[in-house]
Amino acid sequence: MKLKFMPIDYDYFDFEGGNYVWMIGRDGKGEKICVVDSYDSNFWIILKKEFEGDASKVVEKIKNVKFERDSRTSEVLNTKVVEKNFLGHKVKAIQVFVTNHKDAHAIASEIGDMKEIENRREYDVPLISKYIKEKDILPLQWYEIEVENLGVDDLGGFGEGFSLKKIFRLKSSKKIEGPDFLPLILAYDIETEGMDATKSSVLSISLYSKGYKKVLTWKKCKGAPDYVETLKNEGEMIEKFVEEVHKFDPDILVGYFSDGFDLPFLKTAADREKVDFNLGLDGKDPKFSRGRIPVGKIAGIVHVDAYRFIRSVFAQYMQSETLGLNDVAKELVGEEKEDFDFKKLANMKDSDWKELFSYNLQDSKITYDLTQKILPDLYEFTKITKEPLFDTCRASMSSHVESYLIHNLDKFNEIIEKKPIGNDIGERRSYGKYEGAFVMEPIPGLYENIVMFDFTSMYASVIVTYNLSKSTFNGKEFSKDEGFFPILLKDLIEKRKAAKKEFAKDSSAMAKARSNAYKLLANASYGYQGFFGARYYSREAAAATAKMARENIHAAMKKIKDSGYKIIYSDTDSIAFLQDGKKDSQILELLEEVNKKLPGIMELDLEDFYSRGIFVTPRSGIGGAKKKYALIDRKGKLKIRGFETVRRDWCTLTRRLQSQILEKILKDGKIEGSVELLKKVVKDLKNRKIALSDLMIRTQIKKGVSDYLSTGPHVVAAKKMMERGEKVTSGMLIYYFIGEVNGKTKRIGDKVFLPDEKADYNIDYYLNNQVLPAVENIFDVFGVDVREILDGGKNSTLSDFK
DNA sequence: GGAGTTCGCATACC
DNA sequence: ACAGGTATGCGAACTCC
């Protein structure tokens, strides 16, 4: 029987000691089907140069290797001697086929360090990755497949318990063209009494999709809206949730932080209430793998935690100050959470329940909208890195790069390098840092008409231009023969260029996502080579990349300088200089001139023209501060970098005042008027007119409270919270303000108050440790001494300012 | 016990 | 631990007399 098939989700199981892969996907009619295929687990043995002629001898020695574990016998089934490449060199290798992939590593060890063997490889590559690579059955691509029905008793009754009835055994497959995949997405969110699932109940569960909304609860509430369905108790509510998900039959079930909260909470609650939580299409419960954050896998439905993908792929390019649902949804889709005061939970009226249900539903709705927004990116990452959607949405940037490499190595007939283990990591980390980017110290001042050039994907183009990678380094220098890493990176850069052009033409979300995915992968590839956990780690390549980047930026700076321009700033891949009355066209000519001299694929680009910019001294008062400046472009749009305005650990009052002053200066080109802005704030501060919310300081707690060597104010605040019985977890933002206390104390930590504590704010602190430090250096550029103006020449007592 | 310095920490830039 | 190094700047903790 022939079918069209697009795999979405992959998993595997054992039968009679061997490995089988099962895929859930859609057929040509859009129906969900399951396709089962066998997988022949294998790894590689690479022979030493001098023993290449002894391949058959080695085969003879290893073909009887057996390994027993957990009443399972694994053995070598077959071998194949093949000419391969490894790290760019031709090698003679033996592909060793074994019974079970779980034992591949053990068998590789069992074979041991024979004198003929140089290396053993690929036993550490996950089964699904190997399957996708070797059988070339890629996620989210269409195939024409030849299948036969899988009988009920086949493969040990594999299909037993499946709610999905169409289960096939794969005979052959052929890649074909097909329409883009529009997955059916269902978002969910839960509200609970507390944080401990063994004790606290789930109060309600919301579900949302296009044309579908539902809130399940067991809390009685008069006059609840139609979308609310009230069940008898918590257990029945959870059962109903499972039923609703199965009825809706989504490709993707998505939550926000649902790996870490919603799914495990529901599972624990289901166990506590002794009801089934068989969400999987195989009739089983979600599986949770151990790790820092648990991962919830539902068989046949891709469980997506939108938070994880956003954090690893988008976070560094986003403006949001937290990665909470509210901030992220506001930035990406312009929607916000509703308000609900959780203190009310202790005593809920009907109207409060209605509010909670609405709040619950809104969370699912914005999670759904957010998922629609990031879906093109998720889709492109999946296609480019060729890993299943489930893994793509959870993978770190380094593993995206690595997947991209691994799945493209066949073009180079290349065996995959191993992951570092135990000692390797310690050793790699012990080398310490290498020299990185060049940052020029600016001269503080207000500048007019500034041009900014920057290199496009500088580090990636350096790697390609100079052929810098693990396999092209011979211990001393980098070979001229192009290595697979630079070639694949060059491919990424070219594809990115093409995608960018395509986007300029059709401007679809998908075209944009394609361009974005290529760019992100290319930009992460430099960090990947310097990352101790990388298979293709090369400290030499990373250090050389930084070095050649420095050389190139210096050469470009010299060219610009020699053409008569004054450079005012440079950081890593950008150069800012004064236009100095020259026409725009002359600047573009200069750009072309510089570009002519650049080696390889390196390219300098015009970032923008700015009408003004300000650079300040650092707090030490010596020279100019790096990574701290504000520019205004010709359209009047501000670009503020490094200033307190863009730092979330400064209070709103300070940030707002500083940004107002920067804006005024950059728009007017003079300091006049800014003193008044400051005076007003100081006056309000002294008269206690400032709202406490504008004085709240937010700092992230990044480890366990007891692990701190130095007890900063936010640690003091966290301790206070714990004393009250509030939960403090590492990674959360701690809010506090500095208040007045009696008695002598030096430590600011002794004046820390939590947001709801009753205390007067500390005028002296907010004046001398917040507002003034943030604006002083800006005024200083204009020769204005703020403290002198504020207290009329006296010290900073400011007593005459009421 | 105060002044000066170093260190730990969070956050930003690219 | 889950890409890298370069920077600012606070506040606590230390050193020194």
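Letters go in sequence order (proteins before strands), and every chain restarts at 1.
Taking side-chain N and O atoms only, A:Tyr765 has a distance below 4.0 Å to OP1 or OP2 of C:dG11. Checking the phosphate oxygens (OP1, OP2) of B:dC14, a side-chain nitrogen or oxygen of A:Arg641 falls inside 4.0 Å. Between A:His714 and B:dA10, a side-chain N or O to OP1/OP2 separation shorter than 4.0 Å is present. For A:Tyr537 and C:dA1, the shortest distance from a side-chain N or O to OP1 or OP2 is not below 4.0 Å. One finds a side-chain N or O of A:Ser398 lying less than 4.0 angstrom from the OP1 or OP2 phosphate oxygen of C:dA3. Taking 4.0 angstrom as the limit, A:Lys628 places a side-chain polar atom (N or O) nearer than this to OP1 or OP2 of C:dG9. Regarding contacts with the backbone of C:dA3, every side-chain N or O of A:Gln529 stays at 4.0 angstrom or more from both OP1 and OP2.
The salt bridge (Lys or Arg N to Asp or Glu O under 4.0 Å) test with A:Glu321 singles out one residue from A:Arg647, A:Lys330, A:Arg655, and that residue is A:Arg655.
In the interface, the side chain of A:Arg648 is not paired with the base of B:dT11 through any donor and acceptor atom under 3.5 Å apart.
Between the side chains of A:Thr456 and A:Asp605, no donor N or O sits under 3.5 Å from an acceptor N or O.
Between A:Ile665 and A:Ile778, the shortest heavy-atom distance links the atoms CD1-CG2, 3.4 Å.
Taking atom P on both nucleotides, C:dA7 is separated from C:dA3 by 23 Å, rounded to a whole Å.
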